[in-house]
Peer 1: 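Can you keep this structure in mind? I'll have questions shortly.
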Amino acid sequence: MRRKQKSAFNGTNPMMVWWNLAARSAEMLTASAEVVARRSVQMSRMGHSPSARDRSELVGMVTEKVAATQQSATAMFFTASSTAAHAWLTPWWLYNGRGSRKSAAAVTDSAAEILTAGMQPYRQRAISNAKRLRKRKTT
């Protein structure tokens with residue numbers, strides 16, 4: 001069962017959502033670098049005649065990126081839609097200039113949440129691929 005991820009913005013420090021995005025990005029980039037290194041070594045070893053296991057890995061690289069792109073677009077759409085719906089349903093007098101700092105923080109918070117939602121499928125795949133390739137024995 002998947003747990004719903006809570007927003008990092010709790011009303012006290014709007015930069016926490018950006019810190020969360022930066023930390024997740026760094027984690028994804030580290031895992032991606034490891035996956036690229038391991039797969040590069042694997043591809044150099046397979047040569048011109050890849051085995052069935054190598055071919056399935058090569059096909060999986062393409063299909064997982066397509067699936068991640070679809071999931072990312074969907075997650076960003078739904079996150080942006082809920083943000084837009086919240087903004088549309090908020091009474092106009094709350095955006096009258098008083099409290100503009102709070103409304104600006106809400107806008108930047110929602111932008112970071114949209115980016116985090118879009119990055120999550122890629123991050124999950126990069127981390128799981130790094131773990132899987134670490135366990136894989138090279139022949």
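The analysis underlying the following values was restricted to heavy atoms, covering all of them including side chains, and did not include hydrogens, waters or symmetry mates. This one's a predicted model, so the numbers in the text were calculated from it and none came from an experiment.
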Peer 1: Kindly compute the distance separating CZ (Arg123) from CD1 (Ile127), expressed to the nearest 0.5 Å.
Peer 2: 4.0 Å
Peer 1: Is the shortest side-chain heavy-atom distance between Trp18 and Thr116 below 4.5 Å?
Peer 2: no
Peer 1: Could you tell me which non-hydrogen atom of Pro121 sits nearest to which non-hydrogen atom of Ala68, and how far apart they are?
Peer 2: CB-O, 3.8 Å
Peer 1: Please check if the number of heavy atoms outside Lys131 that lie under 6.0 Å from its NZ is greater than 12.
Peer 2: no
Peer 1: Strictly below 4.0 Å, N to O, side chains only: are Glu64 and Arg39 in salt-bridge contact?
Peer 2: yes
Peer 1: Quick one: pull up CG in Leu21 and CE in Met15 and give me the separation to the nearest 0.5 Å.
Peer 2: 10.5 Å
Peer 1: Can you check whether Arg53's main-chain N or O pairs, donor with acceptor, with Ser56's side chain at less than 3.5 Å?
Peer 2: yes
Peer 1: Look up atom CE in Met119 and atom CE in Met28, then write down how far apart they are to the nearest 0.5 Å.
Peer 2: 5.5 Å
Peer 1: Would you say the side chain of Arg132 lies within less than 4.5 Å of the side chain of Asn129, judging by non-hydrogen atoms?
Peer 2: yes
Peer 1: Would you compute the distance between atom CZ of Phe77 and atom OG1 of Thr79 and round it to the nearest 0.5 angstrom?
Peer 2: 10.5 Å
Peer 1: Mind listing the closest non-hydrogen atom pair of Ser44 and Val41 along with its distance?
Peer 2: OG-O, 2.8 Å
Peer 1: Looking only at the side chains, is there a donor atom on one of Arg125 and Gln120 sitting less than 3.5 Å from an acceptor on the other?
Peer 2: no
Peer 1: Could you grab the distance from atom OG of Ser40 to atom CZ of Arg45, nearest 0.5 Å is fine?
Peer 2: 11.5 Å
Peer 1: Under 3.5 Å, side chain of Ser72 to main-chain N/O of Gly118, donor-acceptor pair present?
Peer 2: yes
Peer 1: Please name all residues satisfying side chain to side chain contact (heavy atoms under 4.5 Å, CB included) with Ala130, sequence neighbours left out, ordered by chain then number.
Peer 2: Ala31, Glu34, Val35, Arg134
Peer 1: For residues Ser32 and Tyr122, is any side-chain donor paired with an opposing acceptor at under 3.5 Å?
Peer 2: no
Peer 1: Hey, does Met76 have a side-chain heavy atom less than 4.5 Å from the side chain of Glu113?
Peer 2: no
Peer 1: For the CE atom of Met46 and the CE atom of Met43, what is their distance to the nearest 0.5 Å?
Peer 2: 6.5 Å
